[in-house]
Amino acid sequence: MRTVIATSAMVLVLTGPLAAPQTPVGRLEGSVRGTLASRPITAAQVSIVRLESDTNITFSTRVDAHGRFRVDSLPVGHYLVQLNHPTLDSLDVALPTDRLVISDGRTTRSDLSLPSGAGLREIVCPGVKFDPEKAVVAGRVVDADTDLPLAGAKVVVVWTEITIDRKKRKIETEQRLGVGATNRLGEYRLCGVPTDRSLAMQIQHNGRAGATTRLSVTREEGVVVRDLSLSERFAPTIAALDSLEQLLAARAAADSAIIADAASVGSASSSADSMPLELALTGNATLSGTVRATTGRVLSGVDVRVRDAGPSTTTDGAGRFVLGGLPTGTQLLVVRKLGYALAEIPVELRPNTRREERVQLRRAVALDSVRVLATRPPLAEFEYNRRTNMFGHFMGMGEIQRSQAKKTSDLLSRLGGYVQMGRGRYVKMMAVQPGPPGTVPCRGANVVIDGTEGWDVNDVVPNQIAGIELYKDAASAPLKYAGRADCGVIVIWLRPGPRRRGWSEPKQPATLQYNGYP
């Protein structure tokens, strides 16, 4: 009997203690609907907090491209679920939480929604009655040199309203101005800006002004967040900006009569040739980066600069660029290359800091392979606008050749309504009649060369040009330039053959005769 007992004890020692029972767990899955301010749905994050735990254990997960999320092996119990998003965080907006129970071995579902554009604008601007076509721009302003909140700063927004008086058969434009102020935390809210319009924004503080940037808010978005910064060390003074604009306007008015007389004898000159075209601000910030096409191919020979800053450069064979000595604060990076759409990118620059920026340029006109059954005349869009737009001024190839002009700026002066400021390649064409007081100043017309915006008129010479369209203001310009024609539009169509050095056209089928313009 003793032998039997000893053997049983030995068996217990060899097998060891029994395994501890497993903690009961369940699963949570669900989906998120909606988007915010053009941010992808993948930016949303779901947070799950267990209520029974003394340590407030939190689980987090991101949603996939379809808005779905899933969390496995959650201990059973009561939980709070909340949806977070970077746009909501920027606005200090917290969505209501959802309370649920995780059961052992079971899947619990929780479907969440981001607020609609209409709902979000009411959260951000409570008590404001919104028209369906109105939206909100909100954000935070900091001192670029210290990153501290900038209280008491003014955020100015300007847009153009276009109305059609059918009785008078007249198109009228009016520039609207809105001003907001930052609180002690540097926060601002601009409630009631129009949707689907190009909005020009500028920060002003203690007599200084930041760079003018542009944005738009769709009706579906409702609210867009735009954070800004201003350096009181490197930002230009408002007085300097006003002085430059007043000087340009005065010279333009004085020179308009001279140019009108000179045009009749085949030449024109401006006494403003030696005037500065724009500011040449400097600082101690550095901006570098890479420019690629949307296909991923690196682009060399791309013009890169920061607006109103002195330095400029072009990309090397690897698509790289470096700009030093730049002013700090919110600045506008301007990247352009013939054959590609102009890119204007707001960048945040800080003192003694190098910022890296990756830029993608898209083709100005993307053409698919086309089998041509019937040909259309070249310059189809030019001819269409000349027939249908009574407000534009047009010059065809024959008139251009007869003018014998050596510079495109001299050629444009013959069309009237503009005078040239500065000299050389970077000459600007400025409307004779400046805009009303309080508006964002014009620094020259938007120059479009073969569908690419943002060029200077003397980037091409007259013998390269097949046609010119000139529109003095937003009211007369084609709708395709809406929001980018406040200072007028000059459209230049090039002749077949060699283009400006460093630019090559996209390869097209040899039989392609017509690019599909109406």
Side-chain angles (χ1 to χ4, degrees), residues 144 155-158 198-204 208-216 226-231 233-238 240-245 248 275-289 291 302-315 321-338 340-350 355 357 359 361 421-422 424-430 435 439-449 452-459 483-490:
V155 182
V156 183
V157 60
V158 177
S198 177
L199 307 174
M201 290 186 61
Q202 185 184 65
I203 181 72
Q204 300 177 1
R208 294 186 177 272
T212 299
T213 61
R214 289 190 175 272
L215 58 82
S216 63
R226 174 59 59 88
D227 294 333
L228 303 167
S229 63
L230 178 73
S231 169
R233 290 181 57 196
F234 299 112
T237 63
I238 298 175
L241 292 172
D242 289 344
S243 298
L244 177 61
E245 296 306 321
L248 286 170
M275 295 177 57
L277 300 176
E278 59 181 38
L279 301 175
L281 304 176
T282 59
N284 54 14
T286 302
L287 179 63
S288 62
V291 181
V302 180
D303 288 337
V304 182
R305 67 187 180 95
V306 169
R307 180 160 295 170
D308 285 331
S312 64
T313 188
T314 58
T315 57
F321 68 89
V322 178
L323 289 170
L326 298 175
T328 55
T330 301
Q331 304 296 337
L332 195 65
L333 175 64
V334 181
V335 184
R336 62 182 190 174
K337 181 178 177 66
L338 271 175
Y340 293 84
L342 173 72
E344 294 183 328
I345 306 167
V347 292
E348 292 293 329
L349 301 182
R350 295 295 182 263
R355 177 187 173 93
E357 190 74 25
V359 181
L361 296 184
M421 295 297 166
R425 174 183 168 189
Y426 296 106
V427 68
K428 299 290 184 184
M429 303 304 294
M430 180 177 175
T439 61
V440 173
C442 287
R443 296 293 180 84
N446 181 13
V447 179
V448 184
I449 300 179
T452 305
E453 299 184 33
W455 287 93
D456 296 306
V457 294
N458 284 337
D459 280 330
R484 307 182 307 282
D486 294 343
C487 300
V489 179
I490 298 171

Tightest non-hydrogen contact, residues Thr286 and Gly324, listed as OG1-CA, 4.2 Å

Spell out, as yes or no, whether a donor-acceptor pair under 3.5 Å connects the side chain of Arg307 to the backbone of Leu332. no

Rounded to the nearest 0.5 Å, how far apart are CH2 of Trp455 and CG of Asp303? 5.0 Å

Hey, is the main chain of Thr330 close enough, under 3.5 Å, to the side chain of Ser229 for a donor-acceptor pair? yes

Val302 to Lys337 - nearest heavy-atom pair and separation: CG2-CD, 3.7 Å

Could you tell me if the side chain of Leu361 sits less than 4.5 Å from the side chain of Val291, heavy atoms only? yes

Distance (rounded to the nearest 0.5 Å) between Leu281 CG and Thr328 OG1: 10.0 Å

Partner residues of Ser288 under the side-chain hydrogen bond (donor to acceptor under 3.5 Å, both in side chains) criterion, sequence neighbours left out: Arg354, Glu356

For Thr315, the side-chain hydrogen bond (donor to acceptor under 3.5 Å, both in side chains) test, sequence neighbours excluded, returns none

Suppose we screen for side-chain hydrogen bond (donor to acceptor under 3.5 Å, both in side chains). Which residues come up paired with Gln204, at least two apart in sequence or across chains? Gln202

Is there a side-chain contact (heavy atoms from CB on, under 4.5 Å) between Leu342 and Val334 once you walk through the steps? CA-CA 8 Å; Leu342 173 72; Val334 181; 3.8 Å; yes

Using the test side-chain hydrogen bond (donor to acceptor under 3.5 Å, both in side chains), find all partners of Ser198 that sit at least two apart in sequence or belong to another chain. Arg214

How long is the straight-line distance from CG of Asn446 back to SG of Cys487, given to the nearest 0.5 Å? 9.0 Å

Over all atoms of both residues, closest heavy-atom pair of Ile449 and Asp456: CD1-O, 4.1 Å

Side chain proximity check, Ile490 to Val448, heavy atoms < 4.5 angstrom: no

Shortest non-hydrogen pair, Pro327 vs Ala309, comes out as CD-CB, 3.8 Å

If I compare all heavy atoms of Leu333 with all of Arg305, which pair ends up nearest, and what's the gap? CD1-O, 3.4 Å

Where Ala235 and Ala209 come nearest, the two heavy atoms and their spacing: CB-O, 3.6 Å

Hey, could you give me the CG/CZ distance between Leu215 and Arg226, rounded to the nearest 0.5 Å? 4.5 Å

Apply side-chain contact (heavy atoms from CB on, under 4.5 Å) to Arg355 and list each qualifying residue two or more places apart in sequence or on a separate chain. Leu287, Val347, Glu348, Leu349, Glu357

Sequence neighbours excluded, the answer for side-chain contact (heavy atoms from CB on, under 4.5 Å) partners of Ala485 is Ala474, Ala477, Tyr481, Val489

Within this structure, what is the OG1-CD1 distance for the pair Thr213 and Ile345, rounded to the nearest 0.5 Å? 12.5 Å

From Phe234 atom CZ to Leu326 atom CG, the distance as rounded to the nearest 0.5 Å: 10.5 Å

